[in-house]
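These numbers were taken from a predicted model, which means no experiment stands behind them. Side-chain atoms are counted along with the backbone in the values below, which use heavy atoms only and exclude waters and symmetry mates.
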Amino acid sequence: MSLRPWYLVLGTGLLALTLTAAESGKPAVTFSKDVAPILFKNCANCHRPGELAPMSLLTYKDARPWAKSIKEAVATRKMPPWLADPNYGHFSNDRRLAQSDVDTIVHWVDAGAPEGNTADMPPTPKFVEGWVLGKPDVVIEMPTAFDVPAEGVIPYKYFTAPTNFTEDKWIRGAEIRAGQRSVVHHIIVSIREPGGAPSTSEADDVRRGKTVQLAGTAPGLQPTFYREGVAKLIKAGSQLVFQMHYTPNGKATSDKSYIGLFFSKEPAREISRSVGVMNFNFRIPAGDPNYEVRSTWTAKEDIVLNGMMPHMHLRGKDFKYTVVYPDGRSEIILNVPRYDFNWQLGYSLAEPMHLPKGTRIDCVAHFDNSLNNKYNPDPAKEVRWGDQTFEEMMIGFFDYTLEKGANPKLQASSNR
């Protein structure tokens with residue numbers, strides 16, 4: 001019996017595999033036909049000129065140099081960013097890609113990231129330059145610019161701007177934009193309603209609850225519209241207070257941030273309210289890798305819970321929300337097992353939760369103040385509550401409305 005050379009046998013096998021793949025009828029995965037629709041739907045909101053992401057992904061020319069990085073990011077679920085444990089809660093703004101979309105991108109990169117037929121490209125999504133939610137109905141700026149020094153620690157700054165509204169306005173969405181993103185860590189805009197006790201300062205008004213929180217922006221947080229029928233009320237004659245957290249980056253600059261407001265065409269059926277469940281009294285020991293802090297809030301009326309956003313600083317490790325009903329039942333409604341200071345995401349419930357009076361919302365967070373935390377500013381120091389990022393916070397923000405029929409302020413406003 002004669003033996004065929006090994007290379008002929010191997011070559012025949014490879015040819016057979018090639019023919020099998022070709023005969024399978026499976027079309028090649030291309031950018032134009034298969035990948036672009038995924039990127040346009042899930043990534044382009046940030047990955048476009050002028051937005052947060054470091055590169056645009058709107059064209060093949062944009063995306064091709066990043067193909068391997070895109071594959072790694074989606075395969076490891078680093079992108080799109082989503083930190084919630086999938087075992088708890090369902091969220092309308094869940095950013096996770098379907099596994100089929102991940103597989104498509106991986107196959108595309110493994111095949112050499114071909115462009116394909118440009119005729120297969122879907123229409124490029126249209127955006128309003130400078131805005132995520134679209135063109136706002138009105139834009140309100142800080143009244144004056146603030147000169148940010150090249151270095152140093154800057155306490156929170158407060159700026160009050162008039163709305164000049166001569167009638168009540170229902171707000172269905174708000175988008176805050178930093179004038180100089182490189183030096184703005186976060187912005188919270190609150191409503192100072194007309195009348196009431198005389199004001200001592202913007203800072204005191206905000207800290208003592210004399211203002212109503214309208215909107216905020218922080219690293220990774222994207223603006224959204226409220227669900228249908230929900231809005232926030234800005235009364236005629238109100239002012240907006242900008243709370244600004246500046247972080248110098250080595251280069252002196254000037255910032256004048258602003259907010260875009262989107263009006264509701266009709267009065268709201270429910271008023272959106274924002275609460276922060278906080279604990280000010282913790283002391284995280286130096287070197288502690290898993291320090292626990294708790295906070296709680298009890299509903300004084302029947303409410304409808306709409307969404308949550310945990311907030312900590314650089315030592316934040318994990319954060320969990322648990323609802324405890326008046327009858328003693330409890331359920332975890334949001335678990336963030338790996339908190340990331342760079343992605344302070346909000347989580348909007350797919351189905352709002354109806355919580356009876358007396359329900360508690362318990363928040364539990366852990367902090368890593370050890371050497372193992374590469375972001376830790378100084379593991380040798382005890383850490384307490386503070387405004388700056390090298391200090392810490394523990395806040396479980398959430399949005400809610402009152403059950404229908406339990407909102408006299410809404411009824412009075414609607415009857416004006």
Suppose we call two aromatic rings close when their centres sit under 6.0 Å apart. Are [X] and [Y] close by that rule?
X: W297; Y: Y321; answer: no
X: H186; Y: Y156; answer: yes
X: F91; Y: Y347; answer: yes

State whether a side-chain donor-acceptor pair under 3.5 Å links [X] with [Y].
X: N306; Y: R227; answer: yes
X: E351; Y: H90; answer: no
X: S56; Y: D62; answer: yes
X: D362; Y: T296; answer: yes
X: T401; Y: E270; answer: yes
X: N335; Y: D85; answer: yes
X: Y88; Y: E331; answer: no
X: N290; Y: K317; answer: yes
X: K169; Y: S238; answer: no

Next on the checklist: Within a 6.0 Å radius of atom CD on E292, are there more than 12 heavy atoms belonging to other residues, nucleotides or ligands?
Outcome noted: yes

Item to check | Residue pairs, two or more places apart or on separate chains, that pass ring pair (Phe, Tyr, Trp, His ring centres under 6.0 Å) and touch residues 121-147 | outcome: W131-Y258, F146-Y246

Checklist entry - Quick one: ring pair (Phe, Tyr, Trp, His ring centres under 6.0 Å) pairs with a partner in residues 271-290, sequence neighbours left out? => result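 For residues 271-290: F280-W385, F282-F367.
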
Checklist entry - Which pairs, with at least one residue in residues 95-105 and sequence neighbours excluded, count as a salt bridge (charged side-chain N to carboxylate O under 4.0 Å, His left out)? => result D94-R96

For the atom pair [atom1] ([X]) and [atom2] ([Y]), what is the distance rounded to the nearest 0.5 Å?
X: L402; Y: I271; atom1: CG; atom2: CD1; result: 8.0 Å
X: H354; Y: D302; atom1: NE2; atom2: CG; result: 10.5 Å
X: E391; Y: H313; atom1: CD; atom2: NE2; result: 8.5 Å
X: D340; Y: M312; atom1: CG; atom2: CE; result: 10.5 Å
X: I395; Y: C363; atom1: CD1; atom2: SG; result: 10.5 Å

Checklist entry - Should the ring pair Y60 and F31 be called parallel, tilted or perpendicular, given that the plane angle runs from 0 to 90° and is split at 30 and 60? => result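 It falls in the perpendicular class, over 60°.
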
Donor-acceptor contact present, side-chain [X] to main-chain [Y], <3.5 Å:
X: K256; Y: Q180; answer: no
X: Y158; Y: M244; answer: no
X: N279; Y: R294; answer: yes
X: E51; Y: R48; answer: no
X: T76; Y: E72; answer: yes

Next on the checklist: Ignoring hydrogens, what is the shortest heavy-atom contact between L334 and A84? Give both atom names and the distance.
Outcome noted: CD1-CB, 3.8 Å

Item to check | Minimal non-hydrogen separation, T118 against S32, with atom names | outcome: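 Heavy-atom minimum between the residues: CA-OG, 3.9 Å.
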
State, with a plain yes or no, whether a side-chain heavy atom of [X] is found less than 4.5 Å away from one of [Y].
X: T163; Y: L261; answer: no
X: V241; Y: V189; answer: no
X: L214; Y: I234; answer: yes

